[in-house]
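Here you go, one structure.
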Number of protein chains: 2
Amino acid sequence: MATLKDVARLAGVSVKTVSNVVNGYSFVKPDNRARVEAALEATGYRPNLGARNLRRGRTGFIALVLPELSIPYFAELAGLVIAAAQEHEWNVLIEQTFGTLSGERLALASLGPHLVDAAILSPEALQVEDFQLSVPAVMLGEHAVDVPLSRVGIDNVAAATFAVRHLISLGRRRIAAIGAHPQRGTAALRLEGYRAALAEAGLPFDSSLVVPALNYHRADGAAAMKALLDMRNPPDAVFCFNDLLAVGAMRTAAERFVRVPQDLAIVGFDNNDESAYSSPSLTSIAPDKAAIARAAVNLLRERAGSPDLELDDVQTPFSLQVRESTVAR
Amino acid sequence: MATLKDVARLAGVSVKTVSNVVNGYSFVKPDNRARVEAALEATGYRPNLGARNLRRGRTGFIALVLPELSIPYFAELAGLVIAAAQEHEWNVLIEQTFGTLSGERLALASLGPHLVDAAILSPEALQVEDFQLSVPAVMLGEHAVDVPLSRVGIDNVAAATFAVRHLISLGRRRIAAIGAHPQRGTAALRLEGYRAALAEAGLPFDSSLVVPALNYHRADGAAAMKALLDMRNPPDAVFCFNDLLAVGAMRTAAERFVRVPQDLAIVGFDNNDESAYSSPSLTSIAPDKAAIARAAVNLLRERAGSPDLELDDVQTPFSLQVRESTVAR
DNA sequence: CATCGTTGTTCCAACGATGTAAAGACCGCG
DNA sequence: CGCGGTCTTTACATCGTTGGAACAACGATG
């Protein structure tokens, strides 16, 4: 692998002149520049990023800390973050926490300024005292406790209200919610939006219709739905706090021969790619994931330059994708 | 951020002694070791990986080059690769190619030895002449042309034969295939397996039942299925070259009120997480993804040590998950 | 007591790049 | 012709780390 020194020797100039050419410094004599460029071409020189970054005091990496790549929402988001980071010459390092406190702490601990310039976090269980980060960071989504970090995401309360309002507008009156969780900030906010929509329509809040979910996987949604269908007076609609829960719920409904949407309307949250292709297809709150990714990376760029900018809260747009799980073909 | 120098000053020893302690060198006097360890603790020292790797001539990163993280198979695999790499102190850098030749070339070009120690590739369109890699690499899956790389993956021909044999054993006689592709190696092999199973059962090969797919997304499967159902003599079973195609095909079947599996049995390939929860759930070839990830990382470990090991071909196990898309509840 | 081998420590150079300062080339002007 | 200023290039130090050589301390040995 060619180094600056090799190129310099070949071109008959100093190492620094080559460095100047590589970095686009203006004051290089045309014939020297030409010789250097020829030598660069001939050797196939590629800068050693480690050395460059050591010298420049940055690493060229950002971390993306998320629960699991096997969760479609995070996989899709990760792809978009990688693309957005690439435009700013950042490489993305993905750390999986599996949603556990220890996993998240481990990931955070490995995040030194020597490894990454900044980080994007999607925490679920972290405590306030854990947020002693040594690099600028942005948080995606919402957290249960107030945390000294900038944030990017949609307005969860508004989105949840919007979703439940949609169910109400279809004439549903016994609307359940799946996904309550003691620690997750987003869960609390979506529940709040659910209650707001009910109140707005003058519908009673029935806590037996709120089913908690320890995880947000398909299996949890299926289990929660079983519990709801076993009730003496089952719901005529369900608002699920993410699409995986909704997919699980739909699966249970199908197994029990409950017709969706006739007997039971279902709304999800996240608008995973798969939700447009299920049978029935799933109505879902669709956050603009690309906007989230771009906003997060942009925030980090500002923060990485000037570390002590004040906290920001970027609200990205969302919409409701209405599909067959609430409105039959 | 504390450096070795800071720690050395605090402990009253030389930089190298601290380095020795950090790297577990045996011959350090107990009291010096103790003082150094105290100083390490006090300063919260974390080695600068960039500098360390510059000196050691390695980077601590491996690249994972894949089409898209939004494709569940790759997302699940990426998660497993990250986990496997972590056990060998490797960080994973994900590069997305979007399955295009230019995207793959771009990704390969950015893979210098200064950036990564090794790479795991999932190429789709690359030509033989592109495989001039400057780092050890392993390929996942199969490639259309012979390529000088070690390989990890399942036996695609055997798996495809197994899948189609299953359809035949259910009494299906007009079995279609969705996913033929001029460039993809896996497509050619799966097609070969499909033909082998037909031949074995004495069934005729009908090329009008083989539908190509330019991409392997859900939309492509849906479109291909439409074409099949529009035939004068539509098939009674479909073997799809991946689960996304199968999901798309099932969607089309549902829209046309074709009953699965009664009128049409469907088998997929990859066994995505979502395939267990669709309605009907999807029968699919299930490669052992964790085994693939582990094998790939292990191969790279050997190759990174001694670059010119002979090519290897690791066959990982697979099974057939039988579900409702071929056998009704 | 000189010598030796084993331990323990330090100094120096190097990895590949870039910032700084200073030196060299070149120009026009008085 | 000498001076000052603008280009252009170079030497050197530096980022934080580790390998190697050199050196120092030590008890044991002959």
> How long is the gap from NE2 on A/His88 to CZ on A/Arg294, to the nearest 0.5 Å?
Replying inline: 10.0 Å

>> Quick check on D/dT10: is either OP1 or OP2 less than 4.0 Å from any side-chain nitrogen or oxygen of A/Thr17?
In response: yes

>> Ring-plane angle category for B/Phe61 and A/Phe61, please: parallel below 30°, perpendicular beyond 60°, tilted otherwise.
In response: parallel

>> Does A/Arg33 qualify as a cation-pi partner of A/Phe27, given the criterion of NZ or CZ under 6.0 Å from the six-membered ring centre and within 45 degrees of its axis?
In response: no

> Atom CG of A/Leu126 and atom CG of A/Leu108: how far apart are they, to the nearest 0.5 Å?
Replying inline: 6.0 Å

>> Considering only residues two or more places apart or on different chains, which pairs with a residue in residues 43-58 of chain B satisfy side-chain hydrogen bond (donor to acceptor under 3.5 Å, both in side chains)?
In response: B/Asn23-B/Arg56

>> According to side-chain hydrogen bond (donor to acceptor under 3.5 Å, both in side chains), does anything in residues 73-85 of chain A pair up with another residue at least two apart or in another chain? List the pairs.
In response: A/Glu76-A/Lys289

>> Whole angstroms only, please: what is the CZ-C1' distance between B/Arg9 and D/dG16?
In response: 13 Å

>> For A/Asp312, give me all partners under salt bridge (charged side-chain N to carboxylate O under 4.0 Å, His left out), at least two apart in sequence or on another chain.
In response: none

> Does the pair A/Leu93 and A/Ile62 meet the rule for a side-chain contact (heavy atoms from CB on, under 4.5 Å), with working shown?
Replying inline: CA-CA 6 Å; A/Leu93 230 67; A/Ile62 61 174; over 6 Å; no

>> Whole angstroms only, please: what is the CG-C1' distance between B/Asp31 and C/dT7?
In response: 13 Å

> Have B/Asn156 and B/Thr186 got a donor and an acceptor in their side chains that come within less than 3.5 Å?
Replying inline: no

Are any protein N/O atoms closer than 3.5 Å to N/O atoms in nucleotides 22-24 of chain D? If there are, list each pair with its distance.
none

> What is the per-nucleotide protein-contact pattern of nucleotides 16-28 of chain C, from the 5' end, where B denotes a base atom under 4.0 Å from a protein heavy atom, S denotes such proximity for sugar-phosphate atoms only, and - denotes neither?
Replying inline: BBBBB--------

> Roughly, in whole Å, what's the span from OH in A/Tyr25 to C1' in D/dT6?
Replying inline: 11 Å

>> Please determine whether the number of non-hydrogen atoms from other residues, nucleotides or ligands lying under 6.0 Å from atom CZ of A/Arg105 exceeds 12.
In response: yes

> Pairs counted as Watson-Crick or G-U wobble with both distances under 3.5 Å: what dot-bracket string results for DNA chain D, using | for bases tied to another strand?
Replying inline: ||||||||||||||||||||||||||||||

